[in-house]
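Here is the structure we will look at.
Values in this document were obtained by computation on a predicted structure and should not be read as measured data.
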Amino acid sequence: MAPLKKSKKDSNKLKKIKAKNKKNKSINIVPVENKGTECDWWDSFWHKNSSTPGSGVPSDEEEGFKYFFRVSKKTFDYICSLVREDLISRPPSGLINIEGRLLSVGKQVAIALRRLASGESQVSVGASFGVGQSTVSQVTWRFIEALEERAKHHLKWPEPSEMDIIKSEFEQSFGLPNCCGAIDSTHIIMTLPAIQTSDDWCDQESNYSMLLQGIVDSEMRFLDIVTGWPGGMTTSRLFKCSGFYKLCESGDRLNGNAKMVSEGAEVREYILGGFGYPLLPWLITPYEGEDLSNPMLDFNAVHETASSVAVQAFSQLKGGWRILNKVMWRPDKQKLPSIILVCCLLHNIIIDCGDKLHPDVAVSGHHDPGYQGQSCKQIESVGRLMRGKLTKLLQTTKKDGSMKMIV
């Protein structure tokens, strides 16, 4: 049978439609929130979730907001501004509440923050907002993708002028000149399907885990992170696989001006690390052994205090964003690094916005309980000399302080 011929009327109608579509393509469409979105989400959420007996939710609404989402309303609005365009411009794909209204940007951000902050199941988080498990999953991942792209400027290596401030803070607080930060690492524990298990992902505590390494400043802000590596790696191996290590070894990082200290000795830029790291010219570790001199013990005490900013940063990170502190159920190992990065970005955004975490948020005890890092035996001679200079400087400072007290 021959195909039907188009009438002249139909042809003219088709031409008009094509011309109209072509005209519309030249118009820049600015995404706006649909008027049918749900914008009063906070009132209904607060009413539903604040009256649970024994929940520990603060009675003050402002503190309650921070309890649930880790940030103040002002910081929350800032986070919304970062991801708004991405969350509006992408098709909603059925993101509606039980009343059939589209989810507002604010409610989408709230759902994602609650999921990351509480670490509760998607079903539990969904129930607290009146949405389904699939909606929580979709909203959280959309948010992670958007913030990963839009908040990059909150986690970067400092400019020289910014680094001068960091070095000054370390020297004023701990007496360590030219110190640029402290490094530490932690395990993100997960369960894996039998088909994906391997010795690489199985760590020393027989858990399947992914490693996160971070360098922080004196305000516990993350300056550099590396993640995605299997938990079966040692701390020193992870460190040497990082871009930061390669940049330092090539002279492209920690390459600022050396500082003149007592008796003409110079101290270059460096960071502090624990026993699991090698002693390098630009990474200073504590003294090891039983027969340590008093100056060595004094240095170790200062080193431990200064390095504790990294320990505290990880404790706040895993306490504030408890999805990292709970055992993740079969996560996508390709997506997990993005979840970890976004939690680090949120940690930094809180600091950059002048916000503070609730005092009870940080995990109690160490952020990596049960893990005892293996001691790294690598010691470079120039690193030993650097550590000796700092030890001597601390002793001189100690004596000067004692003399001033006597006078």
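Annotation for His153: atom NE2 counts as buried by contact number, over 12 foreign heavy atoms lying within 6.0 Å. The local environment of CG in Asp332 is crowded, with over 12 non-hydrogen atoms from other residues, nucleotides or ligands closer than 6.0 Å. Within a 6.0 Å sphere centred on CD of Gln374, heavy atoms belonging to other residues, nucleotides or ligands number 12 at most. Within 6.0 Å of CH2 on Trp229 lie no more than 12 heavy atoms contributed by other residues, nucleotides or ligands.
Interatomic distance, SG of Cys248 versus NZ of Lys246, reported as 12.5 Å (0.5 Å rounding). Here Thr285 contributes atom OG1 and Arg384 contributes atom CZ; the two are 10.0 Å apart, rounded to the nearest 0.5 Å. Of the inter-residue distances, the one linking Cys343 atom SG with Phe222 atom CZ reads 10.5 Å to the nearest 0.5 angstrom. One finds the CG atom of Leu238 at 5.0 Å from the CG atom of Leu211 (value rounded to the nearest 0.5 Å). With rounding to the nearest 0.5 angstrom, the CD1 atom of Ile284 is 9.0 Å from the SG atom of Cys179. In this structure, Met386 CE and Lys389 NZ are separated by 7.0 Å, a value rounded to the nearest 0.5 Å.
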Requested in this report: Apply side chain to side chain donor-acceptor pair (under 3.5 Å) to the pair Ser72 and Thr75, showing each step before the final yes or no.
Outcome: CA-CA 5 Å; Ser72 66; Thr75 302; 3.2 Å; yes

Query raised in the report: Taking it one step at a time, do Arg150 and Glu85 satisfy salt bridge (charged side-chain N to carboxylate O under 4.0 Å, His left out)?
Result: CA-CA 10 Å; Arg150 302 297 179 183; Glu85 185 175 340; 5.2 Å; no

Report task. Assess whether side chain to side chain contact (heavy atoms under 4.5 Å, CB included) is satisfied between Val302 and Asp298, documenting all intermediate values. Result -> CA-CA 6 Å; Val302 172; Asp298 289 342; 5.8 Å; no

Requested in this report: Please assess Ile188 against Thr227 for the test side chain to side chain contact (heavy atoms under 4.5 Å, CB included), listing each intermediate value before the final yes or no.
Outcome: CA-CA 10 Å; Ile188 311 299; Thr227 190; 5.6 Å; no

Query raised in the report: Do Gln316 and Val361 pass the side chain to side chain contact (heavy atoms under 4.5 Å, CB included) test, and can you show the C-alpha distance, the side-chain angles, and the key distance before you say yes or no?
Result: CA-CA 7 Å; Gln316 287 209 351; Val361 160; over 6 Å; no

Query - Pair Gln312-Val216, side chain to side chain contact (heavy atoms under 4.5 Å, CB included): steps then yes or no - result: CA-CA 10 Å; Gln312 293 172 45; Val216 306; over 6 Å; no

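No donor-acceptor pair under 3.5 Å is formed between the side chain of Ser137 and the backbone N or O of Ser134. Checked by atom type and distance alone, the side chain of His347 pairs as donor or acceptor with a backbone atom of Met220 at under 3.5 Å. Judged by distance alone, with hydrogens and angles left aside, the side-chain atoms of Lys259 form no donor-acceptor pair with the main-chain N or O of Asn178 at under 3.5 Å. When atom types are taken as modelled, the side chain of Ser206 and the backbone of Cys202 share no donor-acceptor pair closer than 3.5 angstrom. No donor-acceptor pair under 3.5 Å is formed between the side chain of Asp252 and the backbone N or O of Leu247. The closest donor-acceptor contact from the side chain of Asn300 to the backbone of Tyr287 lies under 3.5 Å. For Arg387 (side chain) and Pro286 (main-chain N/O), a donor-acceptor pair under 3.5 Å exists by modelled atom type. Put simply, the side chain of Arg70 gets close to the backbone of Ala117: a donor and an acceptor are under 3.5 Å apart. Remark: the backbone N or O of Phe129 is paired with a side-chain donor or acceptor of Lys107 at under 3.5 angstrom. A donor-acceptor contact shorter than 3.5 Å links the side chain of Asn49 to the backbone of Ser128.
Across Ile111, Val342, Val105, a single residue satisfies side chain to side chain contact (heavy atoms under 4.5 Å, CB included) together with Phe143, and that is Val342.
Side chain to side chain, Ser168 and Gln172 meet the donor-acceptor criterion of an N or O pair below 3.5 Å. Using modelled atom types, one finds a donor on one side chain and an acceptor on the other under 3.5 Å when comparing Tyr371 with Asn207. In this model, no donor atom of one side chain and acceptor atom of the other lie less than 3.5 Å apart for Glu169 and Ser173.
Using a 4.0 Å cut-off between charged nitrogen and carboxylate oxygen, Lys167 and Glu269 count as a salt-bridge pair. Salt bridge Lys326/Glu120: absent, no basic N to carboxylate O contact under 4.0 Å. We find that Lys66 and Asp355 are joined by a salt bridge, their nearest charged nitrogen and carboxylate oxygen being less than 4.0 Å apart.
Using a 4.5 Å cut-off on side-chain heavy atoms (C-beta onward), Val363 and Phe314 make no contact. Taking 4.5 Å as the limit, some side-chain heavy atom of Leu346 sits within range of a side-chain heavy atom of Leu113. Side-chain contact between Phe239 and Thr235: absent, with no pair of heavy atoms (C-beta onward) separated by less than 4.5 Å.
In this structure, Phe69 has its ring center under 6.0 Å from that of Trp41. In this structure, the ring of Tyr277 has its center no less than 6.0 angstrom from the ring center of His303.
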Give the table of side-chain donor-acceptor pairs shorter than 3.5 Å for residues 156-165, with sequence neighbours excluded, one pair per line with atom names and distance.
unit_1, atom_1, unit_2, atom_2, d
Glu162, OE1, Glu159, N, 2.7

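Qualifying salt bridge (charged side-chain N to carboxylate O under 4.0 Å, His left out) partners for Glu266, counting only residues two or more places apart in sequence or in other chains: none. The side chain to side chain contact (heavy atoms under 4.5 Å, CB included) search around Lys377 returns Glu288, Ser375, not counting sequence neighbours.
Cation-pi geometry between Arg253 and Phe244 is not satisfied (NZ or CZ under 6.0 Å from the ring centre, within 45° of the ring normal).
Between Trp282 and Tyr245, the angle of the ring planes lies from 30° to 60°, which puts this pair in the tilted group.
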